[in-house]
Structures are given as structure tokens and as C-alpha cells.
Amino acid sequence: MTKPAVYTRAEFEAYFWAADVIIAIGTNAADDWISRAGRSWEDSLVGFYYVKPNYPGRSSHICNAGFVIPPPYRQFGYGKTLGKSYLHYAPSLGYKASVFNLVYSNNTGSMRIWDSLGFIRAGLIPRAGRLRREDGSGEEWVDSIIYYRSFVDEEEWARPI
């Protein structure tokens with residue numbers, strides 16, 4: 001049986017920082033110190049994401065992203081705000097489309113965000129992940145939804161490359 005991957009900090013950083021990374025700091029003031037109100041950066045970070053090609057070479061015009069919202073900041077709309085930010089920055093980085101390969105079916109918050117931002121459900125992968133049960137009593141198989149969205153209109157796709 002395959003064991004879940006465990007990464008060292010160096011391995012994680014090498015993967016994560018190899019992409020364009022967008023970070024959101026919870027703030028509503030012009031002065032950084034005032035907006036953080038003395039809080040550490042860790043206590044001010046409401047979420048972040050990376051953007052990178054989903055496929056190499058001929059399909060590198062399609063990107064992927066990984067989003068993280070720390071537990072204390074979930075259900076406040078930060079995920080959707082970062083999703084909207086992604087819809088701005090990913091095309092600005094030159095990508096023409098996006099695919100999310102593994103949105104687990106038990107991640108209803110993420111599914112609501114991508115559905116509301118015009119992504120289509122392009123496919124389903126049965127039993128794609130072995131995840132911890134909500135009650136902590138072991139693991140279970142969870143399906144994954146594949147989401148897709150084009151950043152350009154059909155006319156641009158039809159143009160010669």
C-alpha cells in the first residue's frame with residue numbers, strides 16, 4: 001500500500017516557491033503596522049496561493065493553482081476573494097485556461113467557490129484520495145472533481161497559433 005507523502009520543509013518550499021505565489025494579508029489600513037495591530041505575520045496571513053503550469057511543454061498554457069486558507073480564516077469569504085484574484089492574475093501571467101485536478105468532493109467550500117466563479121465540472125475521479133475521516137476514526141476514499149475554466153473567448157482559441 002502506498003503511504004501518503006511526507007515532505008521535509010525544504011522539499012515543500014522547493015515545490016511551493018517554484019511558482020508565482022500570491023499572498024493575502026488581512027488588512028484594512030494603509031499603514032502596515034496599524035493594519036496588523038501588533039499581530040505577527042502568521043496571525044495576519046488570511047490565505048495564499050501559487051500559480052504554475054499544470055502540464056509541461058505543449059500544454060503549458062493551462063495553469064493550476066493551490067490555495068491555502070488557514071483554519072481560523074475559513075468561512076469569511078477569503079477563499080472566494082483569492083479565487084477572484086486568481087482569475088485576474090493567472091491570465092496576466094500569460095495562461096489561457098485553468099484546471100484543478102483534485103478538488104475533493106468533501107471540500108464543499110472549494111466546490112462552491114469554483115462553481116460560483118464560472119468553472120465547469122469537467123470530470124470525476126472516483127476514490128482519488130485517501131483522506132482522514134471527519135470524525136478522526138481512520139481514513140476513507142474520497143472522489144475528486146476536475147474543474148476547468150478558459151480565460152479567453154472562443155475567437156482567441158480559433159486564431160492560428
Side-chain angles (χ1 to χ4, degrees), residues 2 4-28 35-36 41-132 134 141-157 159 161:
T2 303
V6 176
Y7 298 98
T8 66
R9 182 177 180 131
E11 290 169 330
F12 172 79
E13 288 179 356
Y15 176 80
F16 189 82
W17 295 111
D20 295 297
V21 178
I22 312 294
I23 297 175
I25 302 296
T27 179
N28 60 3
S35 67
R36 289 191 300 128
W41 283 108
E42 292 80 12
D43 290 337
S44 302
L45 184 68
V46 299
F48 53 90
Y49 64 95
Y50 65 79
V51 182
K52 60 175 62 177
N54 192 59
Y55 309 105
R58 294 179 176 173
S59 297
S60 61
H61 60 283
I62 300 173
C63 65
N64 180 283
F67 291 78
V68 176
I69 305 293
Y73 298 107
R74 293 180 185 163
Q75 299 184 359
F76 291 102
Y78 295 118
K80 188 164 186 177
T81 298
L82 288 177
K84 289 177 179 178
S85 166
Y86 173 68
L87 293 179
H88 171 78
Y89 286 109
S92 297
L93 292 167
Y95 295 106
K96 297 193 179 304
S98 172
V99 67
F100 297 134
N101 306 301
L102 290 171
V103 178
Y104 292 116
S105 60
N106 62 356
N107 189 345
T108 56
S110 183
M111 291 169 56
R112 271 194 306 272
I113 291 168
W114 305 127
D115 288 337
S116 74
L117 293 177
F119 283 76
I120 62 167
R121 294 183 183 199
L124 174 80
I125 305 171
R127 299 170 298 283
R130 192 178 73 214
L131 305 179
R132 185 177 34 239
E134 192 172 332
W141 296 110
V142 177
D143 295 345
S144 173
I145 312 291
I146 300 170
Y147 278 91
Y148 172 83
R149 179 170 167 174
S150 176
F151 298 141
V152 299
D153 60 29
E154 288 302 315
E155 290 176 5
E156 185 166 339
W157 286 114
R159 290 185 192 131
I161 298 175

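At a threshold of 4.5 Å between non-hydrogen side-chain atoms, the residues Y89 and Y49 count as touching. Put simply, the side chain of R127 does not reach to within 4.5 Å of the side chain of V142, judged on heavy atoms. Annotation: side chain of V99 is not in contact with side chain of R149 (no heavy-atom distance under 4.5 Å). Considering only heavy atoms from C-beta on, C63 comes within 4.5 Å of S98 through its side chain.
When the side-chain hydrogen bond (donor to acceptor under 3.5 Å, both in side chains) test is applied to E156, the partners found at least two apart in sequence or on another chain are K96. The salt bridge (charged side-chain N to carboxylate O under 4.0 Å, His left out) search around R58 returns none, not counting sequence neighbours. Applying the side-chain hydrogen bond (donor to acceptor under 3.5 Å, both in side chains) criterion to Y147, with sequence neighbours excluded, gives D115, R121. Residues that satisfy the side-chain hydrogen bond (donor to acceptor under 3.5 Å, both in side chains) test with S116, not counting sequence neighbours, are K80. Listed by chain and number, the residues in a side-chain hydrogen bond (donor to acceptor under 3.5 Å, both in side chains) with S150 are W157 (sequence neighbours excluded).
Put simply, OH on Y73 and CG on L45 are 8.0 Å apart, with the number rounded to the nearest 0.5 Å. I125 contributes atom CD1, which lies 5.5 Å from atom CG of L102 (distance to the nearest 0.5 angstrom). Taken from CZ in F100 to CD1 in I145, the straight-line distance is 13.5 Å, to the nearest 0.5 Å.
Across all their heavy atoms, V46 and Y78 have their closest contact at CG2-CD2, 3.7 Å. In terms of heavy-atom proximity, Y95 sits nearest to I62 at CD2-C, 4.1 Å. G47 and I69 make their closest contact through CA-CD1, 3.9 Å (heavy atoms, listed as atom of the first residue, atom of the second, distance).
Applying the side-chain hydrogen bond (donor to acceptor under 3.5 Å, both in side chains) test to every pair with at least one member in residues 101-113, sequence neighbours left out, gives these pairs: N54-N101, S110-W114.
When the shell of 6.0 Å around CZ of R132 is examined, it contains 12 or fewer heavy atoms from other residues, nucleotides or ligands.
Residues F119 and Y148 place their aromatic rings such that the two centres sit no closer than 6.0 Å.
Cation-pi check for K84 over Y86 is not met; the charged atom does not lie both under 6.0 angstrom from the ring centroid and within 45 degrees of its normal.
With S85 contributing its side chain and T81 its backbone, the two residues share no donor-acceptor pair below 3.5 Å.
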